[in-house]
Q: 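Questions regarding the structure given below will be posed in turn.
Each ligand, and each atom within it, is numbered from 1 in the order the structure gives. All heavy atoms count here, side chains included; hydrogens, waters and symmetry mates do not.
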Amino acid sequence: MQTVHDIAALRDSLDAWRAAGLGIALVPTMGNLHAGHLALVAAARARVDRVVATVFVNPLQFGPGEDLDSYPRTLGADARHLAAAGCHLLFAPSEAVMYPRGRDGHTAVDVPGLSAVLCGASRPGHFRGVTTVVAKLFGLVQPDLAVFGQKDYQQLMLIRRMAADLSMDVEILGVPTVREPDGLAMSSRNGYLSPAERARAPALFRTLRDLAAAVAAGAPPARAEHDATQALSALGFGPDYVRVRRRTDLASPAPEDGALVVLAAAYLGRARLIDNLEFDRQTGTAD
Ligand code: PAF
């Protein structure tokens, strides 16, 4: 696996692959890779000839007071993991390469509506930063396929919406969340948890399962959301939101909506954990 840091070197490799007629997948990451990221690489490898991963801690998607400075940067280990997973090229640009006009001078991509709810309501500007960097990476790599984790459910929906709205010629693939044996969704931010917090953390997913089961059994979503929020608080979480939404547009479900998703964000110590679970209200099945 080759590692490149600048756009000219990235384009050299990509041009050669394209000239040879090879299909190219992009796996964007912020590094500090875990098994969830490597599952994205595996899914990409199963579909195309060449996989490009990116490692860039994107400052545009962090708000004031968030963890931009402390976000773990582990490029050497990331490169080794990616090579072992069969990734072909790693693009690890500096901020100056990505935003030569500075953070505020860069053209931005904004997906209205969907970017303002749930995580977007608590983290103003976050999704604008995400869609801006992903649009830039799409422009740089021009992949046939781009792969994202379903753990970031709202992010995945926004990227699909952006690609459709801007007629970007790329297929977006979502990959199921990879979990620890106790159910905790893998995340780079799990490293912020103390041992005691780590022991409590799987309760987030358990609470989502209970909430989905309650709604599938007929509980009104607002009541079930309230109960789940109380349960998380009692367990020492600082819940940001717990919501039942319909999958098509993340709006509150109408009584006839069956394809639902429960989404939550909650602080545990200094870690902001997010998770979600798709379920079907009519059949009660979790996906
Ligand atoms: O999901 C992430 O790690 C980031 O939001 C992404 C998609 C790599 C953009 O910086």
Q: Please confirm whether Thr29 comes within less than 3.5 Å of ligand 1 when only nitrogen or oxygen atoms on both sides are compared.
A: no
Q: Could you list the residues that satisfy side-chain contact (heavy atoms from CB on, under 4.5 Å) with Ser70, not counting sequence neighbours?
A: Asp67, Tyr192, Arg270
Q: Which ligand 1 atoms, with their elements, are less than 4.0 angstrom from a heavy-atom of Pro28?
A: 8 (C)
Q: For ligand 1, which atoms, with element, lie under 4.0 Å from some heavy atom of Gln155?
A: 1 (O), 2 (C), 4 (C), 5 (O), 7 (C)
Q: Is the number of heavy atoms from other residues, nucleotides or ligands under 6.0 Å of Asp104 CG greater than 12?
A: no
Q: Looking at Glu171 and Arg47, is there a salt bridge between them, counting it only when a charged N and a carboxylate O are closer than 4.0 Å?
A: yes
Q: Could an N or O of ligand 1 be found under 3.5 Å from any N or O of Asn58, whether backbone or side chain?
A: no
Q: Does atom CZ of Arg209 have more than 12 heavy-atom neighbours from other groups under 6.0 Å away?
A: no
Q: Could you list which atoms of ligand 1 come closer than 4.0 Å to a heavy atom of Val133?
A: 9 (C), 10 (O)
Q: Decide, yes or no, whether a salt bridge links Arg223 with Asp227 under the criterion of side-chain N to carboxylate O below 4.0 Å.
A: yes
Q: Using a 4.0 Å cut-off to any heavy atom of Gln61, which atoms of ligand 1 qualify?
A: 4 (C), 5 (O), 9 (C), 10 (O)
Q: Less than 3.5 Å apart, which donor and acceptor atoms pair up between the side chains of residues 172-187 and the rest of the protein, not counting sequence neighbours?
A:
unit_1	atom_1	unit_2	atom_2	d
Thr177	OG1	Lys151	N	3.2
Arg179	NH1	Gly183	O	2.9
Arg179	NH1	Asp275	OD2	2.9
Arg179	NH2	Asp275	OD1	2.9
Asp182	OD1	Leu184	N	3.3
Asp182	OD1	Arg198	NH2	3.3
Asp182	OD2	Arg198	NH1	3.0
Asp182	OD2	Arg198	NH2	3.1
Ser187	OG	Arg189	N	3.0

Q: Of the protein's non-hydrogen atoms, which lies at the shortest distance from atom 3 (O) of ligand 1, and what is that distance?
A: Met30 CG, 3.7 Å
